[in-house]
**Q** 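Structure below; questions to follow.
Here the structure is a predicted model, which is why all the values come from computation and not from measurement.
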Number of protein chains: 2
Amino acid sequence: MQDSGYTIQEMAERCGMTAHTLRYYERVGLIQPVSRARNGHRRYSEADEAWLHFLHCMRATNMPIRAMQRYAELRELGDSTSLERRKILEDHRAAIASQIQELEKAHAMLTHKIANYKKIEQRTRIGGPIADEPEVDCSLVTAG
Amino acid sequence: MQDSGYTIQEMAERCGMTAHTLRYYERVGLIQPVSRARNGHRRYSEADEAWLHFLHCMRATNMPIRAMQRYAELRELGDSTSLERRKILEDHRAAIASQIQELEKAHAMLTHKIANYKKIEQRTRIGGPIADEPEVDCSLVTAG
DNA sequence: GTACAACTTTGAGCGTGCTCAAAGTCAAGC
DNA sequence: GCTTGACTTTGAGCACGCTCAAAGTTGTAC
């Protein structure tokens, strides 16, 4: 057979998704109907792979399926939709930036809190607090 | 009345959650049964607030409810659980770090892709590609 | 005393994003 | 010819984290 291209399993592995998810994405229009081998099995092209990688990257950063659907739709409509597509990407980039901010705040807080736990464990091992070391006590850090 | 403390609505606003969520968290054991006014309404303390803020922060960074439940449980058990609690926090901090990584990768990719869109839009306005400017073409960037 | 608002409870329902079950087709190997 | 295994389809089911509906109580304002 010619029937060239990746099988659904191969593509699933390459993109870090399951075959289930690939079929689901096709079903909801995130990817155009994939070409078929003569036996009816899907065969994915390199172009499909690039697009699926992109989708995966967007999902991994919490873009809703809805937004991805809209983007995919515009992409099918061609060059005239470029501005709207760019806006979607810019919005998502902004969303990512604010996620990063939130995560970094939490990361810093946890670092403090973990240090505080270590201090407590130290104290417990030695027996009782050390006079000259002030308690770490910034709200969240000591909330549990 | 004495019945001092924050009402559920007040606490919801302070913590950026809904009253629904506060009741839900209590129901699933993320917070110990909250004290009540004489009319049976919940009254939240400052300590509750600190703890709820902490929970909110963990949720906002995608800690599963399960993990939060485990942490809350250990917290109730007292100092002897300090090591396990710290481990939970360290694991979550690691999870946060890897989320940040993923997000930053996507952010950079989007920045490239957006720049590419701008270039295309430019070209479209002027009419045709400019000879001396190489196409940006790094897989994901041009995948749609 | 009656309207109204803010709470209470229990249990059900929902949106998202998969994930799987069932039944069937097809091609290769023994 | 029959088994095996990878695929196919459709529609249902699931895990998570809320979110809401219904029915009831309480306290304040008029």
**Q** Using atom OH of Tyr24(A) as one end and atom P of dT19(C) as the other, report the distance to the nearest whole Å.
**A** 10 Å
**Q** Separation of Gln69(B) atom CD from dC18(D) atom C1', in whole Å?
**A** 13 Å
**Q** Could you tell me whether the phosphate oxygens of dC20(D), OP1 or OP2, come under 4.0 Å of any side-chain nitrogen or oxygen in His20(B)?
**A** yes
**Q** Among dG17(C), dT19(D), dG17(D), which nucleotide has an atom closest to any side-chain atom of Pro64(B)?
**A** dG17(D)
**Q** Quick one: Met68(B) CE to dG17(D) P, roughly how many Å, whole number?
**A** 9 Å
**Q** Just checking, is any N or O donor in the side chain of Ser82(A) or Asp79(A) under 3.5 Å from an acceptor N or O on the other one?
**A** no
**Q** In whole angstrom, what separates Arg38(B)'s CZ from dG27(D)'s P?
**A** 9 Å
**Q** Return the value, rounded to whole Å, for the distance between atom CZ of Arg59(A) and atom P of dT19(C).
**A** 10 Å
**Q** Identify every side-chain donor-acceptor pair in residues 64-71 of chain A under 3.5 Å, counting partners at least two apart or on other chains, and give the distances.
**A**
{"unit_1": "Gln69(A)", "atom_1": "NE2", "unit_2": "Val28(A)", "atom_2": "O", "d": "3.0"}
{"unit_1": "Arg70(A)", "atom_1": "NE", "unit_2": "Glu84(A)", "atom_2": "OE2", "d": "3.0"}
{"unit_1": "Arg70(A)", "atom_1": "NH1", "unit_2": "Glu73(A)", "atom_2": "OE2", "d": "2.8"}
{"unit_1": "Arg70(A)", "atom_1": "NH2", "unit_2": "Glu84(A)", "atom_2": "OE1", "d": "3.1"}
{"unit_1": "Arg70(A)", "atom_1": "NH2", "unit_2": "Glu84(A)", "atom_2": "OE2", "d": "2.8"}
{"unit_1": "Tyr71(A)", "atom_1": "OH", "unit_2": "Tyr117(B)", "atom_2": "OH", "d": "2.6"}
{"unit_1": "Tyr71(A)", "atom_1": "OH", "unit_2": "Gly144(B)", "atom_2": "O", "d": "2.3"}

**Q** Begin with the C-alpha distance, continue with both residues' side-chain angles, and end with the deciding distance and a verdict on side-chain contact (heavy atoms from CB on, under 4.5 Å) for His20(B) and Tyr24(B).
**A** CA-CA 6 Å; His20(B) 288 307; Tyr24(B) 169 71; over 6 Å; no
**Q** What pair of heavy atoms forms the shortest contact from Ile8(B) to Ala19(B), and how long is it?
**A** CD1-O, 3.6 Å
**Q** Give me the atom names and distance for the closest heavy-atom approach of Met17(B) to Leu52(B).
**A** CE-O, 3.3 Å
**Q** Which listed nucleotide (dG17(C), dT10(C), dA12(D)) is nearest to the side chain of Arg27(B)?
**A** dT10(C)
**Q** At under 4.0 Å between heavy atoms, how does the protein contact nucleotides 2-9 of chain D? Give one character per nucleotide, 5' to 3', with B, S or -.
**A** ----BSBB
**Q** Starting from P on dG17(C), measure out to CE on Met63(A) and report it in whole angstrom.
**A** 11 Å
**Q** Any side-chain N or O of Tyr25(A) less than 4.0 Å from the OP1 or OP2 oxygen of dG17(C)?
**A** no
**Q** Quickly work out the Met58(A) CE to dG17(C) P distance and round it to whole Å.
**A** 14 Å
**Q** Only one of Glu46(B), Arg43(B), Glu13(B) forms a side chain to side chain donor-acceptor pair (under 3.5 Å) with Tyr6(B), so which one is it?
**A** Glu46(B)
**Q** Let's go through Arg14(B) and Glu10(B) carefully: what are the C-alpha distance in whole Å and the side-chain angles of both, what is the deciding distance for salt bridge (charged side-chain N to carboxylate O under 4.0 Å, His left out) to 0.1 Å, and is it a yes or a no?
**A** CA-CA 6 Å; Arg14(B) 281 174 167 266; Glu10(B) 285 164 354; over 6 Å; no
**Q** How close or far is atom C1' of dT19(C) from atom CE of Met17(A), stated in whole angstroms?
**A** 15 Å
